[in-house]
Amino acid sequence: AVTAWRALFTDGALEPGETVLLEGTGGVSIFGLQLAAAAGARPIITSSSDAKLERARALGAVGTVNYRSNPEWQEEVLTLTDGEGVDHVLEVVGQETMLRAIEALAYDGHLAVIGGLSGRADALPLGRLPRGSTVTSVFVGSREDFAAMNEFLVEHELRPVIDRVFPFEEAAAAYAYMDSGAHMGKIVITL
């Protein structure tokens with residue numbers, strides 16, 4: 001959660017009305033969607049599931065793209081932004097999506113490299129980055145980020161989307177469920 005906060009607010013200086021691209025419907029992306037929508041931004045999210053995209057619209061997504069039925073999803077993102085591209089990208093997938101994310105980025109945009117679900121990109125294609133854009137690598141936020149995020153959550157009455165809760169004894173099943181990609185939002189293991 002604090003990773004999405006840092007990417008959007010600390011490093012990205014998110015402003016109302018800006019566009020945010022979120023990849024997939026896992027925990028960081030869904031939390032980023034909730035934060036962006038509450039801040040008055042315009043979130044666009046990708047998924048391979050139309051059902052998850054419908055749920056994302058209910059959480060505040062103004063645009064959705066099914067990357068399975070639309071493999072060149074960056075083109076649809078550009079269409080959704082009238083050819084301008086997005087102001088922010090939360091890049092959680094890595095190697096497989098990096099170039100498409102860059103192609104969807106606006107002039108002076110911000111690319112937050114967070115994850116590497118498909119492997120870390122060996123090289124960042126700097127020549128493809130739009131002029132004026134910035135790239136940050138985000139692992140986790142600071143204590144100050146955590147405190148600011150919590151104030152925002154209380155102010156906007158946001159609650160995380162929890163897909164399933166597993167008891168500690170079923171931790172292996174929780175990880176298998178996460179690996180399946182069937183979840184939307186967070187998976188919780190109770191102690």
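For this chain, numbers begin at 1 and follow the sequence in order. The shown structure was predicted, so the numbers you read here are calculated from the model rather than taken from an experiment.
Remark: S69 OG to D50 CG distance equals 6.0 Å, nearest 0.5 Å. Note that OG1 of T190 is 10.0 Å distant from CZ of F168, once rounded to the nearest 0.5 Å. The structure places CG of N70 at 12.5 Å from OG of S48, a figure rounded to the nearest 0.5 Å. Here CD1 of I45 is found 12.0 Å from CG of N66. Values are rounded to the nearest 0.5 Å. The line from CG of L59 to NZ of K52 is 13.0 Å long, rounded to the nearest 0.5 Å. Separating the OG1 atom in T64 from the CG atom in L22 is a distance of 12.0 Å, to the nearest 0.5 Å.
Minimum heavy-atom separation, A101 to W73: N-CH2, 3.8 Å. A pairwise comparison of heavy atoms in A61 and L33 identifies N-CD1, 3.6 Å as the closest pair. In plain terms, the two heavy atoms of L14 and A41 that are nearest each other are CD1-CB, 3.9 Å. Here the shortest heavy-atom pairing between A37 and P43 reads N-CG, 3.9 Å. Minimum interatomic distance between F152 and A39 (heavy atoms only, all atoms of both residues): CZ-N, 3.9 Å. Annotation for S47 and L53: closest pair CB-CD2, 3.6 Å, computed over non-hydrogen atoms.
Using modelled atom types, no side-chain atom of Q34 and backbone atom of L158 make a donor-acceptor pair closer than 3.5 Å. Using a distance-only test at 3.5 Å, with no hydrogens or angles considered, no donor-acceptor pair links the side chain of D82 to the main chain of E84. A side-chain donor-acceptor contact under 3.5 Å links D163 to the backbone of M184. Of the possible polar contacts, one joining the T81 side chain to the L78 backbone as a donor-acceptor pair under 3.5 Å is found.
Under a hydrophobic-cluster definition in which Ile, Leu, Val, Met, Phe, Trp and Tyr are linked whenever side-chain heavy atoms come within less than 4.5 Å, directly or via other members, V154 and V161 are assigned to different clusters. Cluster annotation: L105 is connected to V135 through the hydrophobic network of ILVMFWY side chains, with a link wherever side-chain heavy atoms come within less than 4.5 Å. At a threshold of 4.5 Å between side-chain heavy atoms, the hydrophobic network of Ile, Leu, Val, Met, Phe, Trp and Tyr places V20 and L153 in one connected group. There is a path of hydrophobic side-chain contacts, each under 4.5 Å, that joins I187 to Y175. One hydrophobic cluster, built from ILVMFWY side chains closer than 4.5 Å, holds both L8 and V140.
The number of heavy atoms from other shown groups lying within 6.0 Å of CZ (F146) does not exceed 12.
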Please report the C-alpha distance between H183 and M178 in whole Å, then the side-chain angles of each, then the deciding distance to 0.1 Å, and finally whether the side chain to side chain contact (heavy atoms under 4.5 Å, CB included) criterion is met. CA-CA 7 Å; H183 68 288; M178 185 173 69; 4.0 Å; yes

Under the side chain to side chain contact (heavy atoms under 4.5 Å, CB included) rule, what do V86 and V77 come out as? Steps first, then yes or no, please. CA-CA 8 Å; V86 293; V77 171; 3.7 Å; yes

For L90 and S29, what are the C-alpha separation, side-chain angles and deciding distance, and is it a side chain to side chain contact (heavy atoms under 4.5 Å, CB included)? CA-CA 7 Å; L90 269 61; S29 295; 5.6 Å; no

With side chain to side chain contact (heavy atoms under 4.5 Å, CB included) as the criterion, how do H88 and L111 come out once you've worked through the C-alpha distance, each side chain's angles and the decisive distance to 0.1 Å? CA-CA 6 Å; H88 303 269; L111 175 70; over 6 Å; no

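T136 meets the side chain to side chain contact (heavy atoms under 4.5 Å, CB included) test with D11, H110, A112, V138; sequence neighbours excluded.
If you look at W5 and F31, their ring centroids are not closer than 6.0 Å.
Y67 is not listed as a side-chain neighbour of T97, based on a closest heavy-atom distance of 4.5 Å or more. For the pair E18 and R42, the minimum side-chain heavy-atom distance is 4.5 Å or more. You'll find the side chain of D87 stays beyond 4.5 Å of the side chain of L21, heavy atoms only.
Sequence neighbours left out, the pairs with a member in residues 141-155 that pass side chain to side chain donor-acceptor pair (under 3.5 Å) are R6-D145, T10-D145, S142-E144, S142-D145.
Checking R68, E23, E76, R100 one by one against T46, the side-chain contact (heavy atoms from CB on, under 4.5 Å) holds for a single residue, E23.
In the model, E72 has a side-chain atom that pairs as donor or acceptor with a side-chain atom of Q74 under 3.5 Å.
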